[in-house]
Number of protein chains: 2
Amino acid sequence: MADSGWHPVRRTRTFEDVLAQIERRIAEDGLTVGDRLPAERHLAGQLGVSRSSVREALRVLETLGVVSSHAGRGPDAGAVLTSRPDSALTDLLRLHLGLASLELREVIDTRHMIEQWAASHAAAARADTSALADALSGMDRARTAEEFVEHDTAFHCAIADASGNRLVAAIMRSLRDSMCKYAVEAVERLGDTSILRTDHERILNAIDRGEAAEAARAVSDHLAHAYPSLFGQ
Amino acid sequence: MADSGWHPVRRTRTFEDVLAQIERRIAEDGLTVGDRLPAERHLAGQLGVSRSSVREALRVLETLGVVSSHAGRGPDAGAVLTSRPDSALTDLLRLHLGLASLELREVIDTRHMIEQWAASHAAAARADTSALADALSGMDRARTAEEFVEHDTAFHCAIADASGNRLVAAIMRSLRDSMCKYAVEAVERLGDTSILRTDHERILNAIDRGEAAEAARAVSDHLAHAYPSLFGQ
DNA sequence: GACCACTGTATGGTCAGACCATACCTAAAT
DNA sequence: ATTTAGGTATGGTCTGACCATACAGTGGTC
C-alpha cells in the first residue's frame, strides 16, 4: 500500500464502524443532499452501539461538511445530508497553517496555480463576469483594509466560480479564507491599492474578451503586485 | 462577512467552544507537531465541561488530521499533535463524490491542473526524479490493474512531491486516493497500458532535462490517453 | 547485577441513563 | 378560524461507570 495513510495496528473503533455503515447506506440507498439520516437514538439502536459512538461519527461527518444537524422536530430536524466542503477545507488549512506544518508560501503558490487555471478557463468558456464586476465595484467603496480584502476575496472567488469547477472553487475559497489575516497585512503594507484595482480590471477584461493567455498573465502579474516579497527572487 | 460559511443562528455548542480553546492554546503556547494535549479528563476539568464534549472536539481535530489519539500510558499516549492533512482531504473528497455533490469530471480537471503545474515546476527546479523512476519500474512489474494503478498513483504523487509544495502534494494524493476506484476501471477499459508507460517516460525525461513546457504538455497528453472520454470533446 | 514476570495506573474507548433546550405537532380553548 | 397550551421527537450535555491498552514500577529469579 502507498504510504499515504498508515494506521497503527488497532482494533477498529466503534464510531469508525458507524461511519462506514453510514457511508455505505448513503451509497446503497442513493441518499443525496437534503435527505435525512435516522435520529441518533434510532441509529444507535439499529447498529447496536451507544449513542455516544453515533454522535462521534456524526461529528466527523459534520466536520467534513457532509451532514448538518438541527435540533427540534420537523422536516429540518435531525442530521441532514448537505454539501459544504468549503468550511471543512478552510478549517483544515487554518489549523495546519497554525501548526506551521504548512507555510504561507505554499498556500500562495497553490492559489497562484488555481487562479491562473480558473481565469484562463473562464476566459475560454466566455463565462459570465457580472459577479466579478460586482466585486470590483465593491472594492471602490471599501473604506478599510478589511473591507477591501473582503471584496478582493469575492473577486477572486468569483474567478474560481466562473471556471465552472466546484472543487476548484471550493479550494480557492478555503485558501482565501484561511489566509485572510495575511491578506489584510499585505494590503496594509502596500498602502496604495490602486494598482490592485487596475489589475482586477485587466483580469476582468481579459476574461470578458475570451483571451485565456492574457487572463493567466494578468493573474500572475496581479499576485506579484500583491505579494512582492514572495515573487522577488 | 463573506457568504462562505453561514452558520444558522444557534448558541455555540460546547464542543465548539472546546475546539476554539484548544486551537487558541496551540497558537498561544506555540505547540507543534509531536507535542501532547492534556488528557481528555484533565481537559474536561480545566475547561469545566464534560468529557463527552472534549471527546467530540478531539474527534473533529482528528478528522482534520491535526491530532492522533493513542490509548495506554507513556510518551506516545494521549492526543498528540500531528500533521496528516492527506487523509482528511481524501475522506472529504470521497464522501462528496459519493454524495454526487462533486462530479468525476471536476476531480479529473483539478488533477490535470495540479499535475501540469507540478510537472513544470519540478522541471524548472531540476527536482530529483529518483522516486519517479522507482514508480516507473514498479509499473513494469505490476500484474493486475490494481497493482498497476497503485504504482501509477505513486508516480503521479511523486510528481507532486517533486514540486516541493506540500499543500499541492497533499491535494494530489487525496485526489488520486479518492478516485482510485475509477482509475482501476479506466485501466481495465483501456486494456493496453503500454501507452501510459510511454507517457510516463516522456514526463520523467522532460522533468529530468528541465523542460517545463514539454513536461506540462506530456502530462496533458497523458491524461487525454488515460481518460479519452473526458477529453474527446 | 541483569533479566523477567506481575501488578499498578493513567490513558483512550464505550456504554447506559438522565436531563435540558429546541421546535414542531396537536388538540383544546376562545 | 384563531390562539394557546401541552405533548413529543429531536439534538446537546452531563455523569459515572466499566473495559482495553500499554507503560511504569516492583519484586522475584537467575
Side-chain angles (χ1 to χ4, degrees), chain A residues 6-22 25 31 34-82 84 87, chain B residues 6-22 25 31 34-82 84 87:
Chain A
W6 186 80
H7 287 255
V9 182
R10 148 206 284 179
R11 186 180 118 271
T12 310
R13 292 178 285 186
T14 305
F15 83 89
E16 290 172 325
D17 226 59
V18 175
L19 216 40
Q21 293 292 326
I22 294 178
R25 187 173 298 200
L31 299 185
D35 293 335
R36 281 178 54 179
L37 259 43
E40 294 179 356
R41 290 168 176 86
H42 293 169
L43 220 37
Q46 289 171 23
L47 302 178
V49 301
S50 74
R51 199 179 149 206
S52 330
S53 298
V54 171
R55 278 185 65 78
E56 294 198 14
L58 289 176
R59 198 60 63 226
V60 170
L61 292 177
E62 193 174 318
T63 303
L64 292 174
V66 171
V67 310
S68 168
S69 295
H70 297 273
R73 193 172 159 165
D76 256 26
V80 181
L81 290 179
T82 61
R84 197 185 294 271
S87 51
Chain B
W6 186 79
H7 286 256
V9 182
R10 147 207 284 179
R11 187 179 118 268
T12 309
R13 291 179 288 185
T14 305
F15 83 89
E16 290 172 325
D17 226 59
V18 175
L19 216 41
Q21 294 291 325
I22 295 178
R25 188 174 296 200
L31 299 184
D35 292 336
R36 281 179 52 180
L37 259 42
E40 295 179 355
R41 291 169 176 85
H42 293 169
L43 218 38
Q46 290 171 20
L47 301 179
V49 301
S50 74
R51 198 178 151 209
S52 335
S53 297
V54 171
R55 278 185 65 78
E56 295 198 12
L58 289 177
R59 197 61 61 226
V60 170
L61 291 177
E62 192 175 318
T63 302
L64 292 174
V66 171
V67 312
S68 166
S69 295
H70 296 273
R73 194 172 159 163
D76 255 27
V80 181
L81 289 179
T82 61
R84 197 185 294 272
S87 51

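Just so you know, these numbers come straight off a predicted model, no measurement behind them. In what follows, chains carry the letters A, B, and so on, assigned in the order in which the sequence lines appear, proteins first and then strands, with residues in each chain numbered from 1.
What separates CD of B/Glu62 from C1' of C/dG13 is a distance of 11 Å, to the nearest Å. The nearest whole Å value for the distance from the CZ atom in B/Arg36 to the P atom in C/dA10 is 13 Å. B/Arg51 has its CZ atom 11 Å from the C1' atom of C/dA10, to the nearest Å. As rounded to whole Å, 9 Å separates atom C1' of C/dT11 from atom NE2 of B/His42. Here C/dG12 presents its P atom at 13 Å from CG of B/Asp76, a figure rounded to the nearest Å. In this structure, A/Glu56 places its CD atom 12 Å from C1' of C/dC15, rounding to the nearest Å. Between the P atom of C/dG13 and the CG atom of A/Leu19 lies a distance of 14 Å, rounded to the nearest Å. For B/Arg55 and C/dG12, the CZ to P distance is 8 Å, given to the nearest whole Å.
Taking every heavy atom of both residues into account, B/Phe15 and B/Ser53 meet most closely at CB-O, 3.5 Å.
Of the candidates D/dA24, C/dT11, D/dG12, D/dA24 carries the atom nearest the B/Arg73 side chain, counting heavy atoms from C-beta on. Which of D/dC14, C/dG12, D/dG12 sits closest to the side chain of A/Glu40 comes down to D/dG12. Checked against C/dC24, C/dG12, D/dG12, the side chain of A/Pro75 finds its nearest nucleotide in C/dC24. Between C/dT11, C/dA18, D/dC14, one nucleotide has an atom nearer to the side chain of B/Ser50 than all others, and that is D/dC14.
Salt bridge absent: B/Arg59 and B/Glu56 never bring a charged side-chain N and a carboxylate O closer than 4.0 Å.
Here the side chains of A/Val66 and A/Thr82 are not in contact, with every heavy-atom distance at 4.5 Å or above.
Within 4.0 Å of A/Ala39, counting heavy atoms only, lie sugar-phosphate atoms of the nucleic acid but no base atom.
Contact check, B/Thr14 against D/dT13: a side-chain N or O comes under 4.0 Å of OP1 or OP2. Distances shorter than 4.0 Å separate some side-chain N or O of B/Ser53 from OP1 or OP2 on D/dC14. Put simply, B/His70 has no side-chain N or O that comes within less than 4.0 Å of OP1 or OP2 on C/dG13. The shortest distance between the side-chain N/O atoms of A/Arg13 and the OP1/OP2 oxygens of C/dT14 is not below 4.0 Å.
Residue A/Arg41 places a side-chain atom within donor-acceptor reach of the base of D/dG11, judged by atom type and a 3.5 Å distance cut-off alone. Under 3.5 Å, the side chain of B/Arg59 and the base of C/dG13 form no donor-acceptor pair of N or O atoms.
To the nearest 0.5 angstrom, B/Asp35 atom CG is 12.5 Å from B/Arg25 atom CZ. One finds the CZ atom of A/Arg55 at 8.5 Å from the OG atom of B/Ser52 (value rounded to the nearest 0.5 Å). Once rounded to the nearest 0.5 Å, the distance linking CG of B/Leu47 with CD1 of B/Ile22 reads 7.0 Å.
Both B/Pro38 and B/Ser52 lie close to DNA chain C; mapped to their nearest nucleotides by heavy-atom distance, the more 5′-ward contact belongs to B/Pro38. Between B/Gly74 and B/Gly48, the residue whose closest nucleotide on DNA chain D is further toward the 5' end is B/Gly48.
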